[in-house]
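Below is the structure I would like to discuss, written out as structure tokens.
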Amino acid sequence: MKEDIIFNLKQVHQRMENACKSSGRNVSDVKLLLATKTVSPADIQIAIDAGETLLGENKMQELRDKNPALKDLKIERHFIGHLQTNKVKDVLKYVTCIQSLDRLSLANELDRQLQKEGRTLEVFIQVNTSFEESKFGLPPTEVLSFIQKIKRYETLKIKGLMTIGLLDVEKEKMRPSLRLLRKTRDEIYAAEIEGINNLQLSMGMSQDLELAIAEGSNLIRIGTSIFGNRFLGKEIWNENIAE
Ligand SMILES: *Cc1c(COP(=O)(O)O)cnc(C)c1O
């Protein structure tokens, strides 16, 4: 419903603003990405008309299906789902950033394809800070050496780190995985790698956006609180479900 989406968007911006205020941060330091998996182009359009410009999709198929409706709009699309190497070429047709870079073989394939196309791509490195098997991402202790390995790829612009935090009904159970992403970034900074000194943190979803902002998030990714439930129950957070 149009009114609902507009109302929900206002609520989310209000929550972001409140969270920034109570943690002494600038509202302009935290951006909103709309997580639009399963959301129709018509509903996405409502959010865009309300001023949103950043979308994230999890599946190549959805990027492709929604592309005719979205391709001429002034928006930016990121890929936020698990990316299979054989889908790289297709996904690159639609996005300017991949937030789920989690392995060397994927970096290699991205570089190969980007070189062919003569372009660069922004990437976030996905980190598994909740240590759940249902999620992808590098273990926090491996992120530093991963960055040292992929730094040589001139096609990949390392923008930051991404995590899907541990979701729980108890707030304080969600905090450690968010804090760990920030700590991982601090350890990378401490290693003083040339050119790696401005890493964004992509973390915070419908349930944990306040905590994520308190823990230093620069980019929150919201689906449910804006577009409503996706009716998938618990299994939405199993990233292993086949595409
Ligand atoms: C679906 C999704 C989100 C948004 O989650 P909500 O709980 O619906 O706000 C954020 N990040 C990723 C990677 C997602 O797949």
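These numbers were taken from a predicted model, which means no experiment stands behind them. Basis for what follows: all heavy atoms, side chains included, without hydrogens, waters or symmetry-related copies.
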Original post:
Going through the checks in order, is the side chain to side chain contact (heavy atoms under 4.5 Å, CB included) test met by Leu180 and Phe131?
Top reply: CA-CA 11 Å; Leu180 183 52; Phe131 306 104; 3.7 Å; yes

**OP:** Would you confirm whether Ser40, through its side chain, and Asp43, through its main-chain N or O, come within 3.5 Å as a donor-acceptor pair?
**Re:** yes

Subject >> Chi angles and distances behind the side chain to side chain contact (heavy atoms under 4.5 Å, CB included) call for Met16, Val27 >> reply: CA-CA 7 Å; Met16 291 170 67; Val27 177; over 6 Å; no

Original post:
Which atom names give the shortest non-hydrogen contact between Phe79 and Met60, and what distance separates them?
Top reply: CE1-N, 3.8 Å

Original post:
Any idea which heavy atoms bring Pro139 and Val127 closest together, and the distance?
Top reply: C-CG1, 4.4 Å

Original post:
Going only through I, L, V, M, F, W and Y residues with side-chain contacts under 4.5 Å, is there a path from Leu55 to Leu219?
Top reply: no

Subject >> Nearest heavy-atom neighbours spanning Arg119 and Val95 >> reply: NH2-O, 3.1 Å

**OP:** Compare every heavy atom of Ser225 with every heavy atom of Ser206, then report the nearest pair and how far apart it is.
**Re:** OG-N, 3.0 Å

**OP:** Quickly, which of Arg77, Lys66, Arg221, Lys37 forms a salt bridge (Lys or Arg N to Asp or Glu O under 4.0 Å) with Glu57? Name it, please.
**Re:** Lys66

Original post:
Between CD of Glu215 and CG of Leu201, what distance do you get to the nearest 0.5 Å?
Top reply: 10.0 Å

**OP:** Before accepting this row, confirm whether a basic side-chain N of the pair Asp186/Lys183 lies closer than 4.0 Å to the acidic partner's carboxylate O.
**Re:**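 No, Asp186 and Lys183 are not salt-bridged.
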
Original post:
Hey, are the side chains of Thr224 and Gln207 touching, using non-hydrogen atoms and a 4.5 Å cut-off?
Top reply: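 No. Closest side-chain heavy atoms not under 4.5 Å.
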
Subject >> Interatomic distance, Leu106 atom CG to Gln84 atom CD [nearest 0.5 angstrom] >> reply: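 CD of Gln84 is found 10.5 Å from CG of Leu106.
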
Original post:
Where the side chain of Asn128 meets the backbone of Lys135, is there a donor-acceptor pair that is under 3.5 Å apart?
Top reply: yes

Original post:
Is a donor on one side and an acceptor on the other found under 3.5 Å between the side chain of Asp102 and the backbone of Leu138?
Top reply: no

**OP:** Could you list the residues that satisfy side chain to side chain donor-acceptor pair (under 3.5 Å) with Arg25, not counting sequence neighbours?
**Re:** none

Original post:
Under 4.5 Å between side-chain heavy atoms, hopping through other hydrophobics if needed: is there a path connecting Met162 to Ile220?
Top reply: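 In one cluster with Met162: Ile220, no.
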
Original post:
Between Leu161 and Ile188, is any pair of side-chain heavy atoms under 4.5 Å apart?
Top reply: yes

**OP:** Please answer: with hydrophobic residues joined when any side-chain heavy atoms are less than 4.5 Å apart, are Phe124 and Leu54 in the same cluster?
**Re:** yes

Original post:
Looking at side-chain heavy atoms only, is the closest gap between Asn218 and Val30 below 4.5 Å?
Top reply: no

Original post:
Which atom pair, heavy atoms only, marks the closest approach of Ile5 to Phe227?
Top reply: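 Reported closest heavy-atom pair: CD1-CD2, 4.1 Å.
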
Original post:
Does any N or O in the side chain of Asp168 come within less than 3.5 Å of the main-chain N or O of Glu170, such that one atom is a donor and the other an acceptor?
Top reply: yes

Original post:
So, His78 versus Glu76: side-chain donor-acceptor pair below 3.5 Å or not?
Top reply: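 Indeed, the side chains of His78 and Glu76 share at least one donor-acceptor pair under 3.5 Å.
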
Subject >> Beyond-backbone contact of Leu144 with Ile193, side-chain heavy atoms, under 4.5 angstrom >> reply: yes

Original post:
Taking atom NZ of Lys157 and atom CG of Leu114, what is their separation to the nearest 0.5 Å?
Top reply: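 These two atoms lie 10.5 Å from each other.
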
Original post:
Once you round to the nearest 0.5 Å, how far does CG of Leu156 lie from CD1 of Ile150?
Top reply: 6.0 Å

Original post:
For Cys20 and Asp29, what are the C-alpha separation, side-chain angles and deciding distance, and is it a side chain to side chain contact (heavy atoms under 4.5 Å, CB included)?
Top reply: CA-CA 9 Å; Cys20 285; Asp29 288 344; over 6 Å; no

Original post:
How close do Leu63 and Tyr94 get, heavy atom to heavy atom, and via which atoms?
Top reply: CB-CD1, 3.7 Å

**OP:** With sequence neighbours excluded, give me every salt bridge (Lys or Arg N to Asp or Glu O under 4.0 Å) pair touching residues 199-213.
**Re:**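 The answer is Arg15-Glu210.
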
Original post:
Do Glu52 and Ile226 have side-chain heavy atoms sitting under 4.5 Å apart?
Top reply: no

Original post:
Side-chain contact, heavy-atom cut-off 4.5 Å: Val39 with Leu34?
Top reply: no

Subject >> Phe7 atom CZ, neighbour heavy-atom count above 12 within 6.0 Å >> reply: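 Not buried by this count: 12 neighbours or fewer within 6.0 Å.
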
Original post:
Gln99 versus Leu33: any side-chain heavy-atom pair under 4.5 Å?
Top reply: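 Yes, at least one pair of side-chain atoms sits under 4.5 Å.
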
Original post:
If you measure from CD1 on Ile48 to CD1 on Ile75, what distance do you get to the nearest 0.5 Å?
Top reply: 4.5 Å

Original post:
Strictly by modelled atom types, are Thr85 and Glu109 linked by a side-chain donor-acceptor pair under 3.5 Å?
Top reply: no

Original post:
What's the spacing between Lys173 NZ and Leu211 CG if we round to 0.5 Å?
Top reply: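 Rounded to the nearest 0.5 Å, the NZ-CG separation comes out at 14.0 Å.
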
Original post:
Do Thr184 and Thr163 touch side chain to side chain, with heavy atoms closer than 4.5 Å?
Top reply: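 Counting from C-beta outward, Thr184 and Thr163 never come under 4.5 Å.
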
Original post:
Any side-chain donor-acceptor pair under 3.5 Å between Gln115 and Thr155?
Top reply: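 Note: Gln115 and Thr155 side chains miss the donor-acceptor criterion.
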
**OP:** Step by step, work out the side chain to side chain contact (heavy atoms under 4.5 Å, CB included) result for Lys10 and Gln14.
**Re:** CA-CA 6 Å; Lys10 282 197 185 126; Gln14 190 61 57; over 6 Å; no

Original post:
With hydrophobic residues grouped by side-chain heavy-atom distances under 4.5 Å, do Leu166 and Met205 end up in a single group?
Top reply: no

**OP:** Spell out, yes or no, whether Val143 and Leu178 are grouped together once hydrophobic residues are joined by side-chain heavy atoms under 4.5 Å, including indirect joins.
**Re:** yes

Original post:
Sub-3.5 Å donor-acceptor pair from the side chain of Thr129 to the main-chain atoms of Ser177, do we have one?
Top reply: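 Yes; judged by distance alone, with no hydrogens or angles, the pair exists.
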
**OP:** Determine yes or no for a side-chain-to-main-chain donor-acceptor pair under 3.5 angstrom, with Ser100 supplying the side chain and Gly81 the backbone.
**Re:** yes

Subject >> Sidechain-backbone polar pair: Ser217 side chain, Met203 backbone, donor-acceptor under 3.5 Å >> reply: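 Present.
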
